[in-house]
Amino acid sequence: MRTEEVLAAIATGLWRWDNAAGTVTLDAEAARLLGLPPEPGSYRESAVRSRFHPVDWNEIYGVVNLAVAEGSLAEARLRIVDERGQVLRTVRSRSKPVFRTGEDADSESYVLYGTLQEVAEPQPGATDAAHTPITGDWRRSREAFLLDAGRALAEARSTAEVLRVAGSLSMPGFSPDGLAVFGSAGERLTIIGHHGHSMGDEEPFTDMPLDTDYPAAEVVRTGRAIYLPSPEEYRRRYPATWPLARRFGRQSWAFLPLVSSGRTMGAWMAGFQHPVGFSPDERAVLSTVARMLAQALARAGVAETERELSLGLQRSMMPTLGPEIPGMTVAARYVPTGGGLQVGGDWYDMIPLPNGRIALVIGDVQGHDVRAAGLMGQLRIALRAYASEGHRPDAVLSRASRFLSGLTDAYESVEGDAEPSAPRFATCLYAEVDPEAGTLDIARAGHPDPVVISADGTAVIRQTAGGLPLGIETDSDYPTTRVVLEPGETIMLCTDGLIETGGHDMATGWTRLRPVLEKPVEDLEQLADALVQAVHGPTSHYTTGPLADRREDDIAVLVLRRESAPAPEAAPRRSVLTIAQAEPERISVGRQLVRELLHDWSDPEQVDSAVLMVSEMATNVLVHTDGDALMVAEISGEQGRRRLRVEVADASDELPHKRRPGEMASSGRGLVLMEMLADAWGVDPRGEGKSIWFELYESDEPGVS
């Protein structure tokens, strides 16, 4: 009896599928099972495909591709339908791919040889333990499992999270009890992570040569999956390493390649306490999970590399404070905007100078991207270099502006054909601090003015002269303003992110911060934290947290306090301002300074009088002398009974004299106004020049002095 007759007797047909030619050859029994005329023949692939249920055809297509990739047996159950789509019968298909050889064969050219055998339809509720059908509830549970697994692995952000998700996967009907993920480093096998094992169990498999007779090593070498359904199979195929696996007491193992971007990056081991036959459906599930696992690990690896790069960049560019300043206390905060790269364009710095003084620098490079961080790092180094050469604040900023202008031009040329972007600029405030005298010589390049907090807690914006932001022009001037810190006073420098975040402008942002600045605190660290918390809520010293993604702009804050303050009740409130001959517009700065100094004075009319007298005194100096005016305003005494004393000094020896101007005169009223408005006034000669002054005395009852 011929083989075909024997197979026909047991309802088994033979078939041959040539994928390159697109033809399927059937014997008589195979043709009958497919609902075709029961005689041998060759058919087009489309004619045979129409006999399979559409859903089952998609399944067998995936199973065949898996068998081709692994060089294994393709096995599945298929429903046969007639021309009207009615199911005629169910058949079991078993086939083996054989690759073509010869010069005309390509790498994807193969022929499938297989059998078709009719099987009885399973009764409702019945299952086949060896080969679960791919239809019905198992199909739905498998699809749901793969959907959930793909979603969970896609959300994992680190290798540890990927391994945790993989360990928690409950595969439909055959969940493993132990998992291990292997990688490769050079010619050695490594363990990336494992689940379901005790600490130290991985030691024998760590740093194993890739040529070891071990399934995971072979998978990494060949890129083909290995299924071991029984301990006997494991022992037969890998006798050298079987003793290592035997102690875990498992019954079945699957080792699958982890392939990403066409490269085998490692292997995944799934171990089972119960026997698993690894049917085509089970292999398909395992292969799908392995592909998703490889993609998740690749994404996690890239993310971890980027995080490490970000942390390294952050550590190298993180602003730092230098040594302690004698007689002064410094605190600072840097909070980058949300995002992956935890470093931006804001920075602060403290630089020891050759003359023994200290330079405080705070700045903000336009933007929050990597380029802003790179420009910030280079600009910071340049400022340190110019400061270390001993230049004054105005010269340091002038050189830094030229440096940044050239640097942004270089960036534009490197970008080549990319769409051109506007040159970057930076705002900056540079202060040279004399700890002994308590003075700060400040040069400002488009940066927010500093805030001075007196010993009694009054916060005043200290307006200073300034120039254009760095990088706008190659030759810019940056005038210097001297600020004097009395004992117990504090100066706060910040970037605009502290003020303008949350929809605020400079005015409303300052109003929001003023109560924080005026709240008494002994520790500057507490003040620095309170300023950041006022904008973003509670946060750590430097970086991240659940609120990080809400940040609109980077923040840098620098606070400096002159110590050795007298008792608060005796501490005067004092401000000093220089008004140069070439800057008459700074008279308005003096008026504003006095008004802010008197912000809690009980009598508003006295405040207006003080502002008017200051304007007259400063104007007289600029009009009637050739020198600059130095204004010193000081408040002393207890609340409600304080004294305001304002002095305006100049270098001229000519004393003013009171005149009686006519109705149409444009000058000569200064001393008359002081006689009318001041509680006391006078003119004091000095060694070089003179000082004209007035005093106002506060009363609990407005209008009474």
If you define the side chain from C-beta out and look only at heavy atoms, does anything of [X] sit under 4.5 Å from [Y]?
{"X": "Gln639", "Y": "Glu698", "result": "yes"}
{"X": "Glu525", "Y": "Arg333", "result": "yes"}
{"X": "Pro393", "Y": "Tyr478", "result": "no"}
{"X": "Leu397", "Y": "Arg444", "result": "no"}
{"X": "Cys428", "Y": "Val361", "result": "yes"}
{"X": "Asp600", "Y": "Arg573", "result": "yes"}
{"X": "Pro450", "Y": "Ile442", "result": "yes"}
{"X": "Glu324", "Y": "Val330", "result": "no"}

Nearest 0.5 Å, what's the [atom1]-[atom2] distance between [X] and [Y]?
{"X": "Arg591", "Y": "Met631", "atom1": "CZ", "atom2": "CE", "value": "11.0 Å"}
{"X": "Met613", "Y": "Glu675", "atom1": "CE", "atom2": "CD", "value": "12.0 Å"}
{"X": "Leu440", "Y": "Ile358", "atom1": "CG", "atom2": "CD1", "value": "11.5 Å"}
{"X": "Asp650", "Y": "Leu622", "atom1": "CG", "atom2": "CG", "value": "9.5 Å"}
{"X": "Lys690", "Y": "Thr625", "atom1": "NZ", "atom2": "OG1", "value": "6.0 Å"}
{"X": "Leu383", "Y": "Met376", "atom1": "CG", "atom2": "CE", "value": "11.5 Å"}

Counting N and O atoms only, with roles assigned by atom type, does the side chain of [X] sit under 3.5 Å from a partner on the main chain of [Y], one being a donor and the other an acceptor?
{"X": "Glu489", "Y": "Val452", "value": "no"}
{"X": "Arg482", "Y": "Thr578", "value": "no"}
{"X": "Ser615", "Y": "Leu612", "value": "no"}
{"X": "Glu647", "Y": "Trp693", "value": "no"}
{"X": "Ser476", "Y": "Ser398", "value": "no"}
{"X": "Gln581", "Y": "Gly627", "value": "yes"}
{"X": "Thr481", "Y": "Ala465", "value": "yes"}
{"X": "Thr495", "Y": "Gly363", "value": "no"}
{"X": "Arg574", "Y": "Ser636", "value": "no"}
{"X": "Arg402", "Y": "Glu473", "value": "no"}

Taking all atoms of both residues into account, what is the closest heavy-atom pair of [X] and [Y], and its distance?
{"X": "Ile499", "Y": "Trp510", "value": "CG2-N, 3.9 Å"}
{"X": "Glu432", "Y": "His391", "value": "OE1-O, 4.4 Å"}
{"X": "Val484", "Y": "Thr439", "value": "CG2-CG2, 4.1 Å"}
{"X": "Leu470", "Y": "Ala400", "value": "CD1-CB, 4.1 Å"}
{"X": "Arg595", "Y": "Val611", "value": "NH2-CG2, 3.6 Å"}
{"X": "His504", "Y": "Thr508", "value": "ND1-OG1, 3.1 Å"}

**Report entry** CA sep, side-chain torsions, deciding dist, call: Met492, Val559, side-chain contact (heavy atoms from CB on, under 4.5 Å)
**Finding:** CA-CA 4 Å; Met492 188 272 289; Val559 285; 3.5 Å; yes
**Report entry** Val589 vs Glu583, side-chain contact (heavy atoms from CB on, under 4.5 Å): CA-CA, chis, key distance, verdict
**Finding:** CA-CA 11 Å; Val589 176; Glu583 298 178 313; over 6 Å; no
Requested in this report: Compute whether any side-chain donor of one residue and acceptor of the other, for Asp449 and Thr464, lie under 3.5 angstrom apart.
Outcome: yes
Query raised in the report: For Glu585, does the CD atom sit with more than 12 other heavy atoms under 6.0 Å from it, leaving out its own atoms?
Result: yes
